[in-house]
Amino acid sequence: MKQKRKAVSIFGKFKSIQSAMMASFSALMILAVLIFLSIAVNYTKKTIYENSIHYISQIIKQVNRDIDAYIDYMENISSVIAKSSDVSRYLFDEDQMTQEYVAQKERILTQFHTIMESRSDIYNIAIVGDNGKYLVNSGSDKLTDYIDIKSLDWYQATMESPIGIAVSSSHVQNAIQSSYQWVITLSRALVNNQTGKKEGLFFVDLNYSAISDLCSSNHIGQKGYVFLIDANGNIVYHPKQQLLYGGLQKEKIDEIMNCTSDYFFTGDGAQRRLYTLSRSEKTGWCVVGVADSQELQKNAKQAQIMYLIVAGCLLLGVLVISNRLSQDLTKPIRQLRDCMSTVEEGNFGVSVDIAVENEIGSLSKSFNVMTDRIQALIEQNYYEQEQKRKSELRALQAQINPHFLYNTLDSIIWMAEDGQNEDVVVMTSALARLLRQSISNEQEQVTVAQEIDYVTSYLTIQKMRYKDKLEYEIEVSPEIRDVKIVKFTLQPLVENAIYHGIKYKASKGTIWIRGFAKKDKALIQVKDDGAGIDEEKMRKILQEADLAEPSLQKSGGVGILNVQKRLRLYYGKEYGISYSGKVGEQTTAIVSIPLLRGVEDGKKGE
C-alpha cells in the first residue's frame with residue numbers, strides 16, 4: 001500500500017499566508033540589510049585606513065621635506081665655509097706667523113660669529129685639520145684632550161662618504177670642552193688644495209630641538225607621534241627618547257628597516273598600530289609616523305552607529321511596508337476564505353469581489369460560478385421538496401376528512417336507529433357547519449382560536465351522541481389564541497380520547513382542553529379521565545413517538561399518526577405530540593408548537 005508523503009515546507013509553520021509573506025519579506029530585507037551593513041562597515045573601515053595612511057603619509061613626507069630643506073640649508077652654510085680659501089690656507093699652510101695668517105683666522109671667526117648670531121639652532125661650529133689645527137666657535141673653545149676626534153663615528157663617516165658630507169644621529173657632543181649638548185652633527189670634509197686629499201673637516205652641531213620641533217609640530221591624533229631614525233636604524237629623534245634609552249619603551253626598528261612598502265600594521269586589539277614610513281634619499285633617514293588603530297577607527301565607529309541607525313529605520317520601514325504589501329496581496333485570499341466560511345455555514349448567496357485579474361481572480365470567478373450553481377440547485381431542490389411536502393400535507397389532510405366524516409355519519413346512523421330524529425337534525429346541521437369550516441379555509445394553518453372553535457363543534461356533536469356519558473371543558477390562554485397551528489390537529493386527539501378512553505368508562509367521562517405558553521412554545525393539553533393506558537404501551541408511545549410512528553398508529557389510529565406527521569413536517573422534530581398517563585388514571589396528550597404568531601404557510605421548521 002502506497003503511503004502519501006507529507007510535503008514539508010517552512011511556510012507550513014505559519015497560520016496565514018499574510019504572516020508567511022511578511023516573514024519572507026522581512027527575512028529577505030534583513031538579509032539584504034545585514035549584507036549591506038557588512039559591506040558598508042568593511043568598506044568604511046578600509047576607506048578610513050586608506051585615508052589615514054594617505055593622510056599620515058603626507059604628514060611624514062612633509063616632515064621629511066622639512067628636514068631635508070633644513071639639512072640643505074645647513075649644507076649650504078657648510079659649503080660656504082668649506083670652499084673658503086681662508087679655511088684651506090689657514091689649516092694647511094705651513095707659515096702660521098704671518099700677518100695674512102692672522103687675518104685669515106679673523107675672517108673665519110667672523111664668519112663663525114655671523115652664522116651663530118643668525119642661527120640660534122647652532123651650538124657649535126668648527127674646522128678641524130688632521131694636522132692638529134682647528135678653530136671652534138669664537139676661537140677660544142678647545143677640543144677635548146682625551147678624545148681623538150678622528151676616532152668618532154661621525155668624523156669617520158664624513159671621511160668615508162663619497163660626497164664628503166655626513167649627518168650624524170643625535171648624540172652628546174663630547175669632542176669640545178665644556179660643551180656636552182644633545183646635538184646632530186653635520187660635517188663636511190675639507191680638501192687640501194695642495195695635495196687634493198681630505199685632510200680635515202668642517203662640522204656644525206645643530207641643536208637637537210630644531211629637529212625635534214620639525215617632528216613634534218605635526219600631530220597624528222592624541223596617541224600618535226612621529227620619530228626619526230638614520231640609515232643604520234639608530235634613533236635620531238623620538239618624543240619619548242628617554243624611555244627608549246631606559247628600556248621602558250621599544251620601537252619596531254627591525255620591521256621598519258626590513259619593510260619594503262610605505263606602511264605596515266603591528267599588534268592586535270588595543271595594541272594595534274599603524275607605522276607609516278618616508279625615507280630621505282638625501283640623508284638616508286627615515287621619518288616614521290605611528291598611529292593608534294583605535295583612534296583611526298573612531299570615525300568608523302561613528303559611521304557604524306549611523307549605519308545601524310539607518311539599518312534600524314530601514315528594517316522598521318520594511319516591516320511596515322511588508323505588512324501593508326502582505327495585507328494587499330492576501331486581501332483577495334482572505335475575502336475568498338471568509339466567503340468559504342459563510343458557505344460552510346450553509347449560506348450560498350455570497351460572491352467574491354474580483355479586484356485583480358490573476359490566479360486569485362480566476363479562482364474567485366470559479367468560486368462565484370460554483371456558489372451560483374449550488375444556490376440554484378438548492379433553490380430547485382427546496383422548491384421540489386416544498387412541493388413534495390405540500391403534496392404530503394394535502395394527502396394527509398385528505399385522510400382527515402373521510403375519517404372524521406365516517407365517524408360522524410356513524411354517530412348520526414346510531415342516533416337515527418335509536419329514533420332520535422331531532423338530535424339527528426341538530427347533529428347533521430353541526431356536521432354541515434364543520435364541513436363548511438374545513439372547506440372554506442384552504443390554508444394549511446389556522447389560529448389556535450379557530451382550531452378551538454372547530455373542536456368545540458366536534459365535541460358538541462359527540463356530546464349529543466353520548467349524552468350523559470361525556471362532558472368537556474375548554475380553557476385557552478389569550479396569549480396563544482393568535483398563534484398559528486396546523487388545522488385539524490386537536491380533533492383527532494379529542495376523538496382518540498373519546499373512543500379509547502371515555503367510551504370504556506362505566507361512568508360519565510370528562511375531556512379537558514387547556515392551552516398556555518411555556519418559554520418559546522405553545523402547549524395544548526387534551527386530557528381525559530377515561531380508562532387510561534398501561535405503562536408498557538405508554539413507554540412505547542413515548543419512546544417511538546419521534547421515530548417509530550407506527551406505534552402511534554397502533555395506539556391511536558390513523559388520526560393520531562396523521563397529526564404527528566403533519567406537525568413534524570411543518571415545525572420540525574422538536575415539536576409534535578407526547579402522551580402521559582397510567583391505567584385507571586387520566587391520560588394526557590400534549591401538542592407543542594412554536595410560540596410564533598406570524599408563521600406563514602409553507603414555512604416549515606427544519
Side-chain angles (χ1 to χ4, degrees), residues 400 403-412 414-415 418 420 422-438 446-481 483 485-517 522-533 555-557 559-560 562-564 567 577-593:
I400 292 291
H403 182 69
F404 168 69
L405 183 61
Y406 170 77
N407 288 308
T408 304
L409 291 175
D410 184 60
S411 298
I412 293 173
W414 179 81
M415 285 189 292
D418 195 38
Q420 302 176 17
E422 293 181 0
D423 292 337
V424 170
V425 174
V426 175
M427 187 175 293
T428 303
S429 299
L431 176 61
R433 189 168 56 253
L434 285 177
L435 291 177
R436 264 196 311 272
Q437 290 177 354
S438 64
V446 294
T447 62
V448 171
Q450 290 175 316
E451 185 70 8
I452 292 298
D453 289 342
Y454 186 84
V455 170
T456 302
S457 298
Y458 175 77
L459 284 171
T460 300
I461 294 171
Q462 294 293 9
K463 186 174 181 181
M464 290 180 64
R465 177 183 176 188
Y466 289 99
K467 293 185 178 181
D468 297 333
K469 196 173 179 63
L470 175 64
E471 290 293 339
Y472 64 88
E473 293 180 7
I474 299 175
E475 183 180 349
V476 179
S477 173
E479 63 180 320
I480 71 166
R481 292 185 67 85
V483 174
I485 186 172
V486 177
K487 65 181 181 180
F488 302 135
T489 295
L490 300 180
Q491 184 269 336
L493 300 180
V494 173
E495 181 181 351
N496 192 63
I498 294 174
Y499 282 97
H500 297 281
I502 302 299
K503 185 177 180 179
Y504 296 102
K505 185 178 180 181
S507 59
K508 179 183 288 188
T510 303
I511 295 176
W512 293 272
I513 300 176
R514 300 284 186 268
F516 56 91
L523 302 179
I524 302 175
Q525 295 179 344
V526 179
K527 181 168 63 174
D528 68 84
D529 57 357
I533 187 170
S555 64
I560 302 302
N562 183 292
V563 173
Q564 183 75 316
L567 290 174
I577 304 171
S578 61
Y579 274 92
S580 64
K582 295 181 180 180
V583 176
E585 296 183 2
Q586 295 177 348
T587 302
T588 304
I590 302 174
V591 177
S592 63
I593 59 174

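We use all heavy atoms of the structure for the numbers below, so side chains are in, but hydrogens, waters and symmetry mates are not.
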Indicate yes or no for a side-chain donor-acceptor contact from Q450 to the backbone of T447 under 3.5 Å, with no hydrogens or angles considered.
yes
Rounded to the nearest 0.5 Å, what's the gap from CD1 on I511 to OG1 on T587? Could you check?
11.0 Å
Would you say the side-chain atoms of D529 pair up with the backbone N or O of T510, donor to acceptor, closer than 3.5 Å?
yes
How about I524 and I590: do any of their side-chain heavy atoms sit closer than 4.5 Å?
no
Taken to the nearest 0.5 Å, the spacing of E475 CD from I513 CD1 works out to 11.5 Å
Which atoms form the tightest heavy-atom contact between D528 and G501, and what is the distance?
OD1-CA, 4.1 Å
What one should report as the nearest heavy-atom pair of K469 and S507 is NZ-O, 4.0 Å
Answer whether the closest heavy-atom distance between the side chains of V526 and T588 falls below 4.5 Å.
no
Heavy-atom donor-acceptor pair, Q586 side chain to K527 backbone, under 3.5 Å:
no
Rounded to the nearest 0.5 Å, the OG atom of S578 sits from the CD atom of Q525 at a distance of 9.0 Å
Once you round to the nearest 0.5 Å, how far does CG of L493 lie from OH of Y579?
5.5 Å
Going through the checks in order, is the side chain to side chain contact (heavy atoms under 4.5 Å, CB included) test met by Y472 and T460?
CA-CA 9 Å; Y472 64 88; T460 300; 3.8 Å; yes
Find the distance between NZ (K503) and CG (L470) and round it off to the nearest 0.5 Å.
13.0 Å
Can you tell me if T489 uses its side chain to pair, donor with acceptor, with the backbone of I485 under 3.5 Å?
no
Evaluate the side chain to side chain contact (heavy atoms under 4.5 Å, CB included) criterion for residues R514 and E473: first the C-alpha distance (whole Å), next the side-chain angles of each, then the deciding distance (0.1 Å), finally the verdict.
CA-CA 8 Å; R514 300 284 186 268; E473 293 180 7; 3.2 Å; yes
Specify the closest pair of heavy atoms between P492 and V563, including all atoms of both residues, with the distance to one decimal.
CG-CG2, 3.4 Å
Heavy-atom side-chain proximity of L523 to V591 below 4.5 angstrom
no
Considering all heavy atoms of both residues, which atom of A522 and which atom of I480 are nearest to each other, and what is their separation?
CB-CG2, 4.1 Å
Indicate yes or no: does E451 engage K487 in a salt bridge with an N to O separation below 4.0 Å.
no
